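Structure first, then comments.
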Amino acid sequence: MADPSHLLAERVRAGLGAAFGAELADADPAIRPSQFADYQVNAALALAKRLGRPPREVAAALLAQLQLDDVCASVEVSGPGFLNLTLRDEWLGGQVEGLLADDRLGVAREERQVIPIDYSAPNVAKEMHVGHLRTTVVGDALARTLEHLGHDVIRQNHIGDWGTPFGMLIEHLLEVGEGSKEAGLLRSDPNAFYQAARAKFDGSADFATRSRARVVALQAGDPDTRRLWRELIALSTAYFNSIYEQLDVTLTDDDLAGESTYNDELAGICDDLERRGIAVVDEGALCVFLEGYTGREGKPVPLIIRKSDGGYGYGTTDLATIRHRVRELHADRILYVIGAPQHLHLQMVYATARKAGWLPDTVEPVHVQIGNVLGSDGKILKTRSGAPIRLRALLDEAVERATAVVDQARSDLDGDTRAQIAHQVGIGAVKYADLSVAHDSEYVFDFDRMLALQGNTGPYLQYAAARVRSIFRKAGAEPASATGPVVIRHEAEHTLALRLLGFGRVVAQVGDALEPHRLCTYLFELAQSFMAFYEHCPVLGAEDPVVRASRLALSAATLRVLVQGLDLLGVQAPDQM
RNA sequence: GCCCUCGUAGCUCAGGGGAUAGAGCAACCGCCUCCUAAGCGGUAGGUCGCAGGUUCGAAUCCUGCCGGGGGCACCA
């Protein structure tokens, strides 16, 4: 375990026991990062009252019993009763050497859980928008991170591939002809296809009638209709995949688990719930009423599982989905990386599934709420209102802007190399922008800020990694060959080393709290620490070969943590920038 | 009306019981004969929405209020 706070906590507990008796040995040592030292121990303040002694006296008594000489260069009582700990440079150096010898860089393997993750979930024949971008990017980062922690992640792309709009879409596809240029829009500009179908539906009573009939045929399993439906899906998934590829997202066709997957189970679910009295017919619809869910005027809010026209909504498919994930996939945790507005609905689905016995207490469903993306007016950014932003256009523009910068900054490189870098930087910038803010907070969408290439951004982290690589390129050495020994003499080295040791803890936190932005914050601070080190501590120019070897090792460790961390986020690190 | 969520520097956001509340952007001042200046160092900028409460200690926990956003029966 590379993270120093584990060891410090152990030592402080032992000290507490020695100073105040065994019954306090299990007290919270309250080790925290400190702005006045490497760490601070806050235990004395919390224990002062319990012991009936002044906090500073408690701190002094604890200090007298602490055995930290091998780890800390100084331990002192400070302020009202804090203990400030500063780690020994030699100890830190040894820990970094340990990190370099560890191919997991201090990330512990956790007890294996099966974790289906529901994310991305775009709709067939529709453009992916900024909302999809966020669930896709956040979900993918969680999938990568949990996998790295040793879990069995099952990606579930719950695409919208069923429902009444398909009558209209199929009729439109039939009219424009399969293989036509119009049909090809499904791959490149799905909204154009959808809107054309919609326009016909709204403008022609005859078309609308045929569309409705087509829905019936689709549900009845009419072979021709089914074939056309599959064609729609094939074209749409080609579009999704092209976006995923551009975004460097790990989703593939193997992860498709669309709504239609559960069609055959829906009637059975309804019958079962109705027979057991969990669902009742109300105003013609089959509903589940749950205690504690009331809406307007105190009226109970139902989870509708069968509409009054006999059709099924997403409540029913969501129940089928959760049952499948428990029964067939043997899930331990189920992640729903879905928009925050759906929180109530999901709570009701979970509660219904629990009531039906499909979701045992041992299985934890978690809604990873994705905050709405707002326009500059502070209102929700919808594709309908205002100028819709096509995801494809957004990604292309990100790469274009990066291209302009790379072309200008690195005219020495050939065109292909520059294009490759621009792609990694542009896409990385967009993904990092989505990942670096808390997933449940709403944020104001701003092209310029998202695509900015300075500050707390993906490109800043990529640049830090590129600078390390540049050092090794210049040295003609491989990072893997830089193994130390690590001797720390400069403050910037000390700070960098300390930072490096925190990686495993942060990754574990991300897996636990499901908050990738914590990893972003960590990596940004690591990159900042490296930048300061880079400015103040010449690596190749170091005269003392021992110092040079040590700094190379610190650089190598930084590179590995940065690249690994960025990889967990789904962001690539270019070789040079 | 009920429920969820947010309110922290001019802007975008971290921080979710501990010291003088942080970062980026924007502003201002410095730094390329030296491993990539997409960088580094510094200055300035905040009654943490308001009011109570709990606590030795509250931006953080509790209650109320104000303000923004969202949700609340057949679109998913």
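The chains referred to below are lettered A, B, ... by the order of the sequence lines, with proteins before strands, and numbering in each begins at 1. These numbers come from a predicted model, not from an experiment.
- Within 4.0 Å of Gly313(A), counting heavy atoms only, lie sugar-phosphate atoms of the nucleic acid but no base atom.
- Here CG of Leu523(A) is found 5.5 Å from CG of Leu566(A). Values are rounded to the nearest 0.5 Å.
- Under the salt bridge (charged side-chain N to carboxylate O under 4.0 Å, His left out) criterion, Glu76(A) pairs with no residue, sequence neighbours left out.
- Taking the C1' atom of each, rG52(B) and rG10(B) are spaced 31 Å apart, rounded to whole Å.
- With contacts defined as side-chain heavy-atom distances shorter than 4.5 Å, the pair His129(A)/Leu391(A) does not qualify.
- The aromatic rings of His536(A) and His490(A) sit parallel, their planes meeting at an angle under 30°, below the 60° perpendicular limit.
- If you take OG on Ser211(A) and CZ on Arg198(A), they are separated by 9.5 Å, rounding to the nearest 0.5 Å.
- Which of rA76(B), rG39(B), rG1(B) sits closest to the side chain of Tyr463(A) comes down to rG39(B).
- By the rule that a glycosidic angle within 90° of 0 means syn, rG16(B) counts as syn.
- One C1' atom belongs to rG49(B), the other to rG67(B), and the distance between them is 7 Å to the nearest Å.
- The listed nucleotides are rA73(B), rC74(B), rU36(B); the one nearest the side chain of Ala285(A) is rC74(B).
- Look at the C1' atom in both rG18(B) and rC13(B): the space between them is 23 Å, to the nearest Å.
- Among pairs with a residue in residues 417-432 of chain A, those fulfilling side chain to side chain donor-acceptor pair (under 3.5 Å) read Asp407(A)-Arg418(A), Asp414(A)-Thr417(A), Gln424(A)-Gln572(A), Tyr432(A)-Asn456(A), at least two apart in sequence or across chains.
- Rounded to whole angstrom, the span from the CG atom of Leu346(A) across to the C1' atom of rC72(B) amounts to 15 Å.
- In this structure, the side chains of Glu259(A) and Tyr312(A) stay at 4.5 Å or more apart for every pair of heavy atoms.
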Heavy atoms under 4.0 Å is the rule here; annotate nucleotides 16-34 of chain B 5' to 3' with B where the base is hit, S where only the sugar-phosphate is, and - elsewhere. --BB--SSS----------
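- Among residues two or more places apart in sequence or in another chain, the salt bridge (charged side-chain N to carboxylate O under 4.0 Å, His left out) test is passed with Arg410(A) by Asp412(A).
- Among the protein residues, His517(A) comes within range of the sugar-phosphate backbone only, with heavy atoms under 4.0 Å from sugar or phosphate atoms but none that close to a base.
- The same atom, C1', is picked in rA38(B) and in rU33(B); the two are 23 Å apart, to the nearest Å.
- Residues Gly160(A) and His343(A) each lie close to RNA chain B; by heavy-atom proximity, the contact nearer the 5' end of the strand is made by His343(A).
- Across all strands, Cys520(A) comes closer than 4.0 Å to no nucleic acid atom at all (heavy-atom distances).
- In this structure, rC34(B) shows a glycosidic angle more than 90 degrees from zero, which is the anti conformation.
- The P atoms of rA9(B) and rG24(B) are separated by 16 Å, rounded to the nearest whole Å.
- Remark: Thr136(A) pairs with Ser120(A) by the side-chain hydrogen bond (donor to acceptor under 3.5 Å, both in side chains) rule, at least two apart or across chains.
- Among the atoms of the strands shown, base atoms are found under 4.0 Å from some heavy atom of Asp282(A).
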Would you list the atom pairs, donor with acceptor, under 3.5 Å between side chains in residues 336-348 of chain A and any protein atom, with sequence neighbours excluded?
| residue | atom | partner | partner atom | Å |
| --- | --- | --- | --- | --- |
| His343(A) | ND1 | His367(A) | ND1 | 3.1 |
| His343(A) | ND1 | Gln369(A) | NE2 | 3.3 |
| His343(A) | NE2 | Gln347(A) | NE2 | 3.3 |

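- Between rC6(B) and rC61(B), the two P atoms lie 9 Å apart (nearest whole Å).
- Not counting sequence neighbours, Arg32(A) has no partner by the side-chain hydrogen bond (donor to acceptor under 3.5 Å, both in side chains) test.
- Taken residue by residue, residues 428-438 of chain A places heavy atoms nearer than 4.0 Å to RNA chain B at Val437(A), Ala438(A).
- The salt bridge (Lys or Arg N to Asp or Glu O under 4.0 Å) contacts involving residues 529-543 of chain A comprise Arg467(A)-Glu535(A), where partners must be two or more places apart or lie in separate chains.
- When the P atom is used for both rC65(B) and rC28(B), the distance is 46 Å, rounded to whole Å.
- Applying the salt bridge (charged side-chain N to carboxylate O under 4.0 Å, His left out) test to Asp309(A) and every residue at least two apart in sequence or in another chain returns nothing.
- For Leu344(A), taking side-chain heavy atoms from C-beta onward, the closest of the listed nucleotides rC72(B), rU36(B), rC35(B) is rC72(B).
- Checking rC35(B), rC40(B), rC74(B) against every side-chain atom of Met531(A), the shortest atom distance belongs to rC40(B).
- Among rG39(B), rA38(B), rA76(B), the nucleotide with an atom closest to any side-chain atom of Arg467(A) is rG39(B).
- Side-chain atoms of Glu259(A) lie closest to rA76(B) of the nucleotides rG41(B), rA76(B), rA73(B).
- In this structure the side chain of Arg134(A) reaches within 4.5 angstrom of the side chain of Val437(A), judged on heavy atoms.
- The side chain of Lys299(A) approaches rA73(B) more closely than any other nucleotide in the set rA37(B), rA73(B), rC35(B).
- Side-chain N/O atoms of Ser260(A) and Asp161(A) include a donor and acceptor closer than 3.5 Å.
- Taking the side chain of Val405(A) as heavy atoms from C-beta on, and the options rA38(B), rU36(B), rG1(B), the nearest nucleotide is rA38(B).
- Here the separation of rG53(B) from rG17(B), taken at their C1' atoms, is 15 Å to the nearest Å.
- Near-neighbour residues of RNA chain B inside residues 542-560 of chain A, defined by a heavy atom below 4.0 Å, are absent.
- Residues Leu83(A) and Gln40(A) form no side-chain contact, since every pair of their non-hydrogen atoms from C-beta on lies 4.5 Å or further apart.
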Using Watson-Crick and G-U wobble pairs with both distances under 3.5 Å, what is the 5'-to-3' dot-bracket string of RNA chain B, with [ ] for crossing pairs and | for pairs outside the strand? (((((((..((((....[...)))).(((((.......))))).....(((((..]....))))))))))))....
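- In this structure, of rG69(B), rG39(B), rA38(B), it is rA38(B) that holds the atom nearest to the side chain of Val425(A).
- Map Gly298(A) and Pro302(A) each onto its nearest nucleotide of RNA chain B; the residue landing nearer the 5' end is Gly298(A).
- Nearest nucleotide to the side chain of Ser470(A), out of rG1(B), rG41(B), rU36(B): rU36(B).
- Heavy atoms of Arg306(A) sit nowhere under 4.0 angstrom from any nucleic acid atom.
- The residue Val539(A) sits close to a base: some heavy atom pair falls under 4.0 Å.
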